[in-house]
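All values reported here derive from a predicted model rather than from experimental measurement.
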Amino acid sequence: MHSTPLAPLDKRLRERLLLSRAVPGDRLMLADATLRAALDGSRALTPNERAALQQSPLTLRRFRQLALERRPQVHDEAGATTVQRHGQPGSAANDASWHGSTGMLRAAATDVALETLSTDDNFWTLHFLPGQSGGDGWQVVLKVSAEAPFAARLLREQTMLRVVDGGGAIVLQGRLDADGECEKPWPFATAPAPHFHLYGARFAVEPVAP
């Protein structure tokens, strides 16, 4: 049985239809760090994460973009080779490059006030400051470790950063101040600990694409 030359075209058309379909209320369901980990094989997507990816065209498009960014670039006109490392072109081996950090809330209880969360690489810490008398008005503070090899670059370049929960919602977005901190009001009605538990207890710190 002869294979049809239309098969690759059919595949591209199906992919295009899947990526272009509109879903009401669609938003990024997975953090860039999670998608990159799936692309480089360091962590497989969970069944829930795979389902979220398949049901969100916006997240699928972001996943496809990250996959395209990982492809090595060709020689330029001058004959120099530009190599991509983890999705960033032109990174030398000794560059203090950083493309995101992930972490997890490991405490099982949700009725205890959450004070801090750290990423798995220990480069970032989230501090949660309750309002007066423990009431409403939480503040969340993102702080970069002085030991992070990329800290000086982020401060110098005033890189826009964001923290997202396991569902892709933005917890905090802004730039680091001179002390390596960024403070914003907690944006959710639910307190930090139960909120993170609602979304897989995971979070990520990542640069915002310009």
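- Shown here for G100 and P207, the closest heavy-atom pair between the two residues is N-CD, 4.1 Å.
- With hydrogens and angles left out, the side-chain atoms of T119 and D121 include a donor and acceptor closer than 3.5 Å.
- Between the D165 side chain and the G167 main chain, a donor and an acceptor come within less than 3.5 Å of each other.
- The CG atom of L30 lies 11.5 Å from the CZ atom of R50; values are rounded to the nearest 0.5 Å.
- Hydrophobic clustering, with ILVMFWY side chains joined whenever heavy atoms are under 4.5 angstrom apart, groups V205 together with L126.
- Judged by distance alone, the side chain of K184 and the main-chain N or O of L142 form no donor-acceptor pair under 3.5 Å.
- In terms of modelled atom types and a separation under 3.5 Å, the side chain of R162 and the main chain of V208 share no donor-acceptor contact.
- The shortest side-chain heavy-atom distance between P149 and F123 falls under the 4.5 Å cut-off.
- L176 and M160 are not part of a single hydrophobic cluster, where members link through side-chain heavy atoms under 4.5 Å apart.
- Surrounding CD of E115 are at most 12 heavy atoms belonging to other residues, nucleotides or ligands under 6.0 Å away.
- In this structure, F188 and W186 have perpendicular ring planes: the angle between them is above 60°, well past the 30° mark.
- For E147, the CD atom is loosely surrounded, since the number of other residues' heavy atoms within 6.0 Å does not exceed 12.
- V144 and A148 make their closest contact through CG2-CB, 4.0 Å (heavy atoms, listed as atom of the first residue, atom of the second, distance).
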Original post:
Between L114 and F196, does a side chain to side chain contact (heavy atoms under 4.5 Å, CB included) hold up when you go through it step by step?
Top reply: CA-CA 10 Å; L114 182 63; F196 283 111; 4.2 Å; yes

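- Using a 4.5 Å cut-off on side-chain heavy atoms (C-beta onward), H195 and P192 make no contact.
- Hydrophobic clustering of Ile, Leu, Val, Met, Phe, Trp and Tyr side chains at less than 4.5 Å, counting indirect connections, keeps V141 apart from V171.
- Considering every non-hydrogen atom in both D120 and R202, the closest pair reads OD2-NH2, 3.9 Å.
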Subject >> Verdict with supporting geometry, L172 and F203, side chain to side chain contact (heavy atoms under 4.5 Å, CB included) >> reply: CA-CA 11 Å; L172 171 152; F203 71 99; over 6 Å; no

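- Taking CG of L155 as the start and CZ of R175 as the end, the distance is 12.5 Å to the nearest 0.5 Å.
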Subject >> Derivation of the side chain to side chain contact (heavy atoms under 4.5 Å, CB included) call for L161 and W124 >> reply: CA-CA 12 Å; L161 305 169; W124 300 94; 3.6 Å; yes

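- The CG atom of D177 lies 8.0 Å from the NZ atom of K143; values are rounded to the nearest 0.5 Å.
- In this structure, the side chain of E206 does not engage the main chain of S101 through any donor-acceptor pair within 3.5 Å.
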